[in-house]
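Working notes, beginning with the structure itself.
The structure presented is a predicted model; accordingly, all values stated were derived computationally and were not measured.
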Amino acid sequence: MQRIYADLHLHIGRTGSGLPVKISGSKDLTFRNIAHEAAARKGISLLGVIDAHSPGVQQDIAALLDSGEMAELASGGIRYRDVTLLLGAEIEVRDREMTGPAHYLCYMPSFDAMQSFTEWMSGYMKNVQLSSQRIYVTGRHLQEETRKRGGLFIPAHIFTPHKSLLGSAAMRIQDVLDPELIDAVELGLSADSTMAGWIPDLDQYPFLTNSDAHSLSKIGREYNALSMLEPSFAELKLALQGLEGRGILANYGLNPLLGKYHRTYCKACGALADKSTVLDSCPVCGSGKLVSGVMDRIEQLADAAGREQPVASSRPPYLYQVPLDFMPGLGPRLLDRLIGRFGTEMNILHEASYEALADEAGSRLASLICGAREGKLALQSGGGGTYGKIRS
């Protein structure tokens, strides 16, 4: 078995010919650039490209396969050097008018299966070229079509306030989905395993931590360590099921304080809630224009379910990871120097010694990186769409 680092939620900003896919994504986020960035700089071997349903992206993939620069694996995925890209789609569903929409991640085992999925979706979607578009079917129908093609179905950033299963669409999973057709749950940047352990509905599912990257630099800001024979779709499926020695070894995620939606935020005055509680109005200005925090939503769901403490004893360890671009004083040139010395960002975050980091980048930055490994950094909470940050 190998220890494989996996980030399974990456967007495409543009196709190779410049067609937009994820409007808010960087134009440098092409299928080929993602593969190269992961192989040359990140040290992440398994990548989930969740805009691979786009016909323009599929043209890029076909060209890369035809040229021999990439190759499709029989076990599922597109191989580039020592990196495998899984083909996925992020789809928006709104099951009921009285509740909000949710985003779901659907991964396919082959290029043919993804092309078939695109053909089916085009009959129920206004613009299948773009990322994260709404499909006019139920969540259960989407699950069935995913399973029909041998795919994996994973609710995305499950607690975020705007477009998620338990953040905006439902109080219970069974209200909108078939619980038996869910393969895993993505926690999102503002939650960790302990927080999710308050929700009984989630006890049966493995947890994933992914970056939801909208730029090349954000690849790997959250990721997973998996035990697998190789990075491929078939091996990922076994790992999520915990079969034949495969499994999730650890989740590496932001401390939830750094997430954009950890605490309730007042849109009128900009105040963040100073404790976890469900609020009807801002305690500072009295406004009702609030963006609910993930912790507050989890508290509400736990109260409704009657759970009095989180259940997380059998979970893989959740290790707080502070991405390098959160580190004060670490700019692009210094990062290039560090990668030149240590090889990949994974090596900088996990392997480089304090002495070696201090020799290349100075003692202050070395202390921040090593302090992040040990969970010793002081953090300021994020909320309302603004990330938290490291305190001086």
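In this structure, the side-chain hydrogen bond (donor to acceptor under 3.5 Å, both in side chains) partners of Ser132, at least two apart in sequence or on a different chain, are Lys22, Glu90. For the side-chain contact (heavy atoms from CB on, under 4.5 Å) test, residues two or more places apart in sequence or in another chain that qualify with Glu360 are Arg337, Leu338, Arg341. Applying the side-chain contact (heavy atoms from CB on, under 4.5 Å) test to Ala366 and every residue at least two apart in sequence or in another chain returns Tyr354, Leu357, Ala358. In this structure Asp175 satisfies the side-chain hydrogen bond (donor to acceptor under 3.5 Å, both in side chains) test with no other residue, sequence neighbours excluded. Qualifying side-chain hydrogen bond (donor to acceptor under 3.5 Å, both in side chains) partners for Arg149, counting only residues two or more places apart in sequence or in other chains: Ser116, Glu145.
For the 3.5 Å distance criterion, the side chains of His53 and Thr118 fail to qualify, holding no donor opposite an acceptor. No side-chain donor-acceptor contact under 3.5 Å links Glu186 and His157. Under the 3.5 Å distance criterion, with hydrogens and angles disregarded, no donor-acceptor pair is assigned to the side chains of His141 and Thr138. Counted by atom type alone, Asp7 and Ser211 present one or more donor-acceptor pairs between their side chains at under 3.5 Å. A donor-acceptor contact closer than 3.5 angstrom links the side chains of Gln300 and Arg297. In this model, a donor atom of one side chain and an acceptor atom of the other lie less than 3.5 Å apart for Asn224 and Asn251. Judged purely by distance below 3.5 Å, without hydrogens or angles, the side chains of Ser75 and Glu230 pair a donor atom with an acceptor atom.
Between Tyr252 and Leu319, some side-chain heavy-atom pair lies under the 4.5 Å cut-off. Two residues are said to be in side-chain contact when any heavy atoms from C-beta on lie closer than 4.5 Å; Val93 and Tyr136 fail this criterion. No side-chain heavy atom of Glu351 sits under 4.5 Å from any side-chain heavy atom of Phe342. In this structure, Ile369 and Leu324 have side chains that are in contact, with non-hydrogen atoms separated by less than 4.5 Å.
Taking 4.0 Å as the cut-off between side-chain N and carboxylate O, Arg41 and Asp336 count as a salt-bridged pair. Ion pairing of Asp192 with Arg315 is absent here, as no side-chain N (NZ or NE/NH1/NH2) approaches a carboxylate O to less than 4.0 Å. A salt bridge between Asp201 and Arg172 is present, with a side-chain N of the basic residue lying under 4.0 Å from a carboxylate O of the acidic one. Comment: Asp203 engages Arg307 in a salt bridge, judged by a side-chain N to carboxylate O separation of less than 4.0 angstrom.
Hydrophobic clustering (ILVMFWY, side-chain heavy atoms < 4.5 Å, transitive): Val137 and Phe153 are in one cluster.
Arg32 places no side-chain N or O within donor-acceptor distance of the main-chain N or O of Thr30, the cut-off being under 3.5 Å. For Asp296 (side chain) and Thr264 (main-chain N/O), a donor-acceptor pair under 3.5 Å exists by modelled atom type. The closest donor-acceptor contact from the side chain of Asp51 to the backbone of Ile12 lies under 3.5 Å.
Aromatic ring centres of His350 and Tyr5 lie closer together than 6.0 Å. In summary, the aromatic rings of Tyr318 and Tyr320 are positioned with their centroids under 6.0 Å apart.
To the nearest 0.5 Å, the span separating CZ on Arg79 from CG on Leu64 amounts to 15.5 Å.
The number of heavy-atom neighbours closer than 6.0 Å to CD of Gln2, taken from other residues, nucleotides and ligands shown, is above 12.
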Worksheet item: Would Leu142 and Tyr104 count as a side chain to side chain contact (heavy atoms under 4.5 Å, CB included) if you check the C-alpha gap in whole Å, the side-chain angles of each, and the deciding distance to 0.1 Å?
Response: CA-CA 9 Å; Leu142 181 62; Tyr104 302 120; 4.0 Å; yes

Discussion item. Under the criterion side-chain hydrogen bond (donor to acceptor under 3.5 Å, both in side chains), I'd like the reasoning laid out for Ser131 against His11: C-alpha separation, chi angles, the key distance, then a yes or no.
Written reply: CA-CA 8 Å; Ser131 170; His11 283 285; 3.2 Å; yes

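The aromatic rings of Tyr124 and Trp120 are tilted relative to each other, their planes meeting at an angle between 30° and 60°.
Met228 belongs to a hydrophobic cluster with Ile4, Leu8, Leu46, Ile50, Leu86, Leu105, Tyr107, Leu152, Ile154, Leu208, Leu226, Phe233, Leu236, Leu240, Ile248, counting contacts under 4.5 Å between side-chain heavy atoms of Ile, Leu, Val, Met, Phe, Trp and Tyr, direct or through other members.
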